[in-house]
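What follows is a short report on a single structure.
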There are 2 protein chains.
Amino acid sequence: MKLAYLAKIPQAQAALRATGERVTEPRVAVLATLLSSDHAMSHLDVAAMVAKHHTIDRVTVYRVLDWLVGVSIAHRIAGDDRVWRFMLNPQASAQGAGKKTAHHAPSHAHAHFTCNTCGQTFCLDKVQPKMNVKLPTGFRTTEVDLKIRGLCAECK
Amino acid sequence: MKLAYLAKIPQAQAALRATGERVTEPRVAVLATLLSSDHAMSHLDVAAMVAKHHTIDRVTVYRVLDWLVGVSIAHRIAGDDRVWRFMLNPQASAQGAGKKTAHHAPSHAHAHFTCNTCGQTFCLDKVQPKMNVKLPTGFRTTEVDLKIRGLCAECK
DNA sequence: AACCTTTTTGCGACTCAATTGCATCTACGA
DNA sequence: TCGTAGATGCAATTGAGTCGCAAAAAGGTT
């Protein structure tokens, strides 16, 4: 699954072109890396993967990841180890995602699963939080994040 | 509400004694601080508050906070700014919480609200996530965290 | 195809929360 | 009161992430 990296490059280029922003080598490399992964990746994961095919500065990887979040191609997940992990947005691989507007549609909601043993984080597109939240009066919701911890299928 | 610190000291001492572990000045001070707050506090928040009445090393505050989490008196919340915030567990103030066993009762669930403007994080004891989660087969849940972002009553 | 302007990139230095190692001190049971 | 497991203080370290700035593209224009 990891070795699909090269095959994802054209798809990455197309998605980047669709944003109307500049298509650069670091952006293609980072996006292709995310496209080739089925779980959320830390900056370090991405940088290590990218380093197999390119020579790209750490800082650039940070900046590209942030940029991908900014143009709604990816989103970031706060881990329990104080490390951000990144994952593509559901439709990002298919269509070219939206423009830089981003910043969440009304009540953008996500669910993630993190395995306590192997530490991998997966995105649960299926699960719609949809909880019966009764916030104190005066509170308004803009975003909901559901994080589930436990054991994944492989570690169980 | 902040000034209730001194009044919380006896309660803090009692809760600590109930754990069977050592009752030390730093532990009392940190716990009394958490008892006097209605929202989650970062290490820095706690250290600053504690410093008004004691001279306690930063590292000790870190260690006491971790310890409080370990004995199930408090829990930690990962913030979007890579800073841990700490808050008492629901019943911790009343009874003496459990022994060091901890590590979550079956499917321990929490909900937190973080204000995008003032940055304060509150614990929503009322909200029970209770979502219709359909995990992929083989996955097992041990813990659920719901994080809601938005505007609190004061910032709206 | 060479040119120009705007963005990106690379590099070094830096920030800052959190951790570690170790010597010293102390809570509390004997 | 004493002895010791456990807690604390201090200094140094880690490591993710950020900043400033000069050099290097990207992509539109001529």
Side-chain angles (χ1 to χ4, degrees), chain A residues 12-31 33 40-51 53-71 73-74 76-86 99-100 119 121, chain B residues 9 12-31 33 40-51 53-71 73-86 99-100 119 121:
Chain A
Q13 290 173 322
L16 290 174
R17 224 172 287 119
T19 66
E21 304 274 320
R22 292 195 182 176
V23 178
T24 66
E25 186 192 334
R27 288 180 180 174
V28 173
V30 170
L31 180 50
T33 298
M41 299 178 82
S42 68
H43 156 78
L44 206 66
D45 296 334
V46 174
M49 188 74 190
V50 163
H53 304 272
H54 310 264
T55 303
I56 295 177
D57 194 77
R58 309 180 315 110
V59 177
T60 300
V61 174
Y62 276 118
R63 287 194 277 227
V64 169
L65 287 169
D66 287 348
W67 179 84
L68 287 172
V69 172
V71 297
I73 289 180
R76 52 163 66 188
I77 308 160
D80 291 341
D81 51 2
R82 312 197 326 125
V83 173
W84 291 112
R85 277 161 224 281
F86 297 84
K99 289 281 287 185
K100 198 178 257 174
T121 296
Chain B
I9 289 185
Q13 291 174 321
L16 290 173
R17 225 172 285 123
T19 66
E21 304 275 320
R22 291 198 183 174
V23 179
T24 66
E25 187 191 335
R27 289 181 179 172
V28 172
V30 170
L31 180 51
T33 298
M41 301 179 83
S42 68
H43 160 265
L44 206 67
D45 295 334
V46 174
M49 186 73 190
V50 162
H53 305 273
H54 310 265
T55 303
I56 295 177
D57 194 77
R58 298 175 26 252
V59 177
T60 301
V61 174
Y62 276 118
R63 287 194 276 229
V64 169
L65 287 169
D66 287 348
W67 179 84
L68 287 172
V69 172
V71 297
I73 288 180
H75 62 279
R76 51 161 68 185
I77 307 161
D80 290 342
D81 51 0
R82 313 197 327 122
V83 172
W84 292 114
R85 277 159 225 282
F86 296 83
K99 288 283 285 185
K100 198 180 256 171
T121 296

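These numbers come from a predicted model, not from an experiment. Labels below follow one simple rule: chain letters A, B, ... track the order of the sequence lines, proteins then strands, and each chain is numbered from 1.
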For every nucleotide of nucleotides 25-30 of chain D, 5' to 3': is a protein heavy atom under 4.0 Å from its base (B), only from its sugar-phosphate (S), or from neither (-)?
BBS---
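- Taking 4.5 Å as the limit, some side-chain heavy atom of B/T60 sits within range of a side-chain heavy atom of B/V64.
- We find that CZ of A/R85 is positioned 10 Å from P of D/dA16, with the value rounded to whole Å.
- Here the P atom of nucleotide D/dG17 and the CD1 atom of A/I77 are 13 Å apart, to the nearest Å.
- Here the shortest heavy-atom pairing between B/D45 and B/A40 reads OD2-O, 4.5 Å.
- Here the C1' atom of nucleotide D/dG15 and the CZ atom of A/R82 are 8 Å apart, to the nearest Å.
- Not one N or O on the side chain of B/H54 forms a donor-acceptor pair closer than 3.5 Å with the backbone of B/V30.
- The distance from atom CG of A/D81 to atom P of D/dT14 is 19 Å, rounded to the nearest whole Å.
- Note on B/V83: only backbone sugar-phosphate atoms sit closer than 4.0 angstrom, heavy atoms only; bases stay farther off.
- Scanning atom types as modelled, no donor and acceptor separated by under 3.5 angstrom connect the side chain of B/R63 and the base of D/dG6.
- Rounded to a whole Å, the CG atom of A/L65 is 14 Å from the C1' atom of D/dT18.
- For the pair B/T24/B/W67, no side-chain contact is recorded, criterion being any heavy-atom separation below 4.5 Å from C-beta on.
- Comparing A/D66 and B/I56 against DNA chain D, the residue whose closest nucleotide sits nearer the 5' end is B/I56.
- Side-chain N/O atoms of A/R58 and base N/O atoms of D/dG15 include no donor-acceptor pair closer than 3.5 Å.
- Salt-bridge annotation for B/R76 and A/D80: absent, with no side-chain N of the basic residue lying under 4.0 Å from a carboxylate O of the acidic one.
- Counting to the nearest Å, the C1' atom of C/dA18 and the CH2 atom of B/W84 are 11 Å from each other.
- A/H43 has its side chain out of reach of A/V83: every pair of non-hydrogen atoms, C-beta onward, lies at least 4.5 Å apart.
- Following rounding to the nearest Å, A/D80 (CG) and D/dA16 (P) show an atom-to-atom distance of 16 Å.
- Atom pair B/Y62:OH and D/dT14:P shows a separation of 17 Å (rounding to whole Å applied).
- Separating the CZ atom in A/R63 from the CG atom in A/L68 is a distance of 14.0 Å, to the nearest 0.5 Å.
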